[in-house]
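Let me begin by presenting the structure, written as structure tokens, before commenting on it.
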Number of protein chains: 2
Amino acid sequence: MTRRAPRQADIAALAGVSQATVSVVLGGNQGGVRMSEDTRLRVLAAAEKLGYVPDPVATRLASRRNHMLGLYTFKATFPTDVADSYYPILVGVEEQAAALGQDLILFTGADGRGERTHDEAAIRRTKIADGCLFFGRHVPVASIEKLVETGFPLVYIGRRDELEGRIPFVGADYVSASAAVVDRLVSLGHRNVRYVRENDDAPSSTDRERGVVEAAARAGVECRVVRDEAPVDEWRRDGVTAVVVEETDTHAAYRAVRAAVDGTDLSFAVLGRPPEGGTDVTGFEVPRREMGRRAVELLVELITGDPGDLHQLLPCTPVPGTTVKDVR
Amino acid sequence: MTRRAPRQADIAALAGVSQATVSVVLGGNQGGVRMSEDTRLRVLAAAEKLGYVPDPVATRLASRRNHMLGLYTFKATFPTDVADSYYPILVGVEEQAAALGQDLILFTGADGRGERTHDEAAIRRTKIADGCLFFGRHVPVASIEKLVETGFPLVYIGRRDELEGRIPFVGADYVSASAAVVDRLVSLGHRNVRYVRENDDAPSSTDRERGVVEAAARAGVECRVVRDEAPVDEWRRDGVTAVVVEETDTHAAYRAVRAAVDGTDLSFAVLGRPPEGGTDVTGFEVPRREMGRRAVELLVELITGDPGDLHQLLPCTPVPGTTVKDVR
DNA sequence: CCCCAGCACTAATACGTATTAGCACCTTGA
DNA sequence: TCAAGGTGCTAATACGTATTAGTGCTGGGG
């Protein structure tokens with residue numbers, strides 16, 4: 001039953017011109033080819049009448065532009081467990097893509113039978129789009145390198161330092177934001193702090209640690225780093241007055257520490273936002289939506305050829321909260 | 001810098017065969033073309049040596065399908081306000097798309113400058129995919145009809161009865177689920193019920209009303225339908241013992257009624273799930289994730305040519321809850 | 001010695017669009 | 001009248017792979 005979708009050749013036949021003419025007219029005549037107004041209108045009318053829609057695959061094969069941006073996530077794009085942290089980014093991505101007239105291709109990472117693979121073929125499929133956003137805590141370096149080497153435009157959401165800075169990214173400035181949290185503690189008189197981080201070496205984790213450690217060092221304040229455990233009584237014996245905890249998608253460290261600290265007189269801050277929401281816990285807000293927007297912006301710049309800064313770190317907004325006490 | 005990616009022609013040259021041979025060998029020889037083991041190995045070796053990876057764009061142009069499913073939403077795909085009700089559907093869609101090896105195109109509805117239009121051109125663009133899912137409370141009938149008429153595969157998420165049943169859909173059986181809620185009230189002795197519904201004539205609203213009204217009629221129970229207001233004292237004077245409220249994305253009716261009923265001895269049920277979550281409120285669970293999955297399944301069936309049932313209604317899961325009292 | 005049946009492979013073409021060189025025609029000015 | 005220049009359009013080709021009809025070759029049977 002399916003009538004074939006109309007193509008330029010059909011329009012050409014209807015309007016009594018050649019396929020090339022149709023392409024020129026519909027393409028907005030970028031090539032500077034002369035065309036009479038009369039012909040132009042005839043072609044447009046025919047296209048309208050047939051309900052023509054350009055084939056994006058053919059467009060891309062012929063010209064390497066189809067106004068589609070890829071979105072490759074290393075987990076499901078719509079994850080079930082960490083919805084709260086992914087979602088705002090996606091909102092930003094969609095927002096900006098719409099604003100710039102780009103559609104989005106979600107690569108499901110499926111190569112036919114179910115299993116989600118992130119092998120080279122899967123990643124290379126992103127080339128169907130004009131460019132692609134990548135989003136995930138880790139990087140399959142080899143595959144990404146091949147993409148980068150072919151000059152394919154891509155932007156990571158989140159800071160990356162693999163491939164000696166050849167990966168463009170839009171991330172959050174966790175270093176400064178984390179340092180600011182420590183600075184605040186220091187200004188309120190805390191001289192002995194524990195930092196609980198998770199067992200992950202993604203940049204978002206290491207950046208936070210760096211911010212905390214450097215700020216503590218600058219202030220001459222003691223700050224020991226521990227992982228994923230909360231012997232609160234011991235800490236208090238050691239003279240600790242404040243606990244800072246990393247916040248990741250899993251919330252693992254956060255929950256453990258929060259539970260242990262609750263009801264004590266320890267000050268408490270989180271490097272991000274607590275999963276339960278609210279503004280009472282001291283920390284900072286990651287500008288996820290803005291990250292999504294800027295990533296799209298940068299990607300489109302890469303595609304069109306004059307990118308701004310290839311490595312962007314957006315500032316996080318401090319959340320004062322009420323869980324840090326003045327101990328001066 | 002960009003060295004050209006190797007193509008089949010390069011392999012062919014290296015192996016001393018034709019491009020067609022390369023295609024046949026690398027394509028796993030689906031067409032039943034005979035090929036000597038020797039040649040096969042030579043080609044594979046050459047491909048390996050050059051690091052060949054097929055160009056997905058060309059692949060998709062040459063074969064008729066592009067293995068992309070469209071997803072057209074009448075609001076932003078990633079809405080900021082109704083995340084909870086949209087999201088599970090998207091999860092299901094992505095899940096099943098991945099399982100069936102399909103990528104997803106999100107139509108941002110952008111025609112250049114920001115504003116989201118749903119004119120014919122916007123909807124027509126969905127044809128760049130092999131088929132498209134539509135998702136929204138209302139239908140731009142004229143535009144959709146044109147699509148349907150060309151035989152373009154599409155599936156609505158949510159029941160639709162426009163175009164005399166020519167629109168395939170996967171929806172939820174709100175009629176039965178709503179009736180079941182009333183049946184439960186009746187079985188607990190309620191003989192006078194108020195139904196508060198919202199001011200919307202989308203199928204999801206009218207179906208709920210129908211279920212409620214019919215169930216009440218069958219049981220010979222009084223059930224008056226009101227819109228969006230909650231004069232609780234008046235109801236109680238009239239002998240009402242239970243209130244049923246529709247639940248939509250806006251939560252408007254729900255919130256009003258819930259607040260008014262709270263603290264009274266009126267029983268209370270919702271035709272869906274309350275926005276605050278939990279399982280204490282009597283109602284039912286809409287199988288959103290499953291709807292997403294099945295919609296994808298049906299769409300792919302339409303594309304490949306042997307669709308099952310074009311109109312599917314999925315059962316909702318009853319949630320007993322504790323807000324309905326036994327008044328026998 | 002010829003014919004036919006496989007065998008191993010390839011030429012040709014399709015897919016739908018973009019791009020570019022250039023053709024045929026017209027106008028203008030000398 | 002002719003060259004120069006302009007106008008409006010098209011032929012040809014590229015993009016990289018899939019598909020199919022067919023071609024040349026070999027060997028075996030008659």
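By convention in this document, chain letters (A, B, ...) are assigned in the order of the sequence lines, proteins followed by strands, and residues within each chain are numbered from 1.
In terms of position along DNA chain C, the nucleotide closest to B:D38 lies nearer the 5' end than the nucleotide closest to the other residue of the pair B:D38 and A:V24. In this structure, A:M35 and A:Q19 both approach DNA chain D, and ranking their closest nucleotides by distance from the 5' end singles out A:M35. Nearest-nucleotide positions on DNA chain C for A:A62 and B:T21 put B:T21 closer to the 5' end.
Taking 4.0 Å as the cutoff to heavy atoms of chain B, we find the contact window on DNA chain D bounded by D:dG16 to D:dT20.
Using a 4.0 Å cut-off between charged nitrogen and carboxylate oxygen, B:E297 and B:R293 do not count as a salt-bridge pair. Taking 4.0 Å as the cut-off between side-chain N and carboxylate O, B:E149 and B:K146 do not count as a salt-bridged pair.
When A:F135, A:Y72, A:F134 are each tested for a ring-ring contact (aromatic ring centres under 6.0 Å, His included) with A:Y156, only one passes: A:F134.
Backbone-only contact: B:V17 has heavy atoms under 4.0 Å from sugar-phosphate atoms and none from a base. Among the protein residues, A:R7 comes within range of the sugar-phosphate backbone only, with heavy atoms under 4.0 Å from sugar or phosphate atoms but none that close to a base. Nucleic acid contact class of B:S36 (heavy atoms, under 4.0 Å, all strands): sugar-phosphate only. Contact annotation for A:S63: backbone-only contact, meaning every heavy-atom pair under 4.0 Å involves sugar-phosphate atoms and none involves a base.
The main-chain N or O of B:T59 is found under 3.5 Å from a side-chain atom of B:S63 such that the two form a donor-acceptor pair.
Aromatic ring orientation, A:F169 versus A:H311: tilted (interplanar angle from 30° to 60°).
In the helix from C:dC1-D:dG30 to C:dA30-D:dT1, the rotation axis of the first five pairs and that of the last five pairs differ in direction by 80°, rounded to 10 degrees.
Contact annotation: the side chain of B:H67 never approaches that of B:L100 to less than 4.5 Å [non-hydrogen atoms, C-beta and beyond]. Within the 4.5 Å cutoff, no side-chain heavy atoms of B:R7 are placed close to those of B:D55.
Under the rule for a side chain to side chain contact (heavy atoms under 4.5 Å, CB included), the partners of A:I303 that lie at least two apart in sequence or sit in another chain are A:R65, A:L69, A:D130, A:P153, A:L299.
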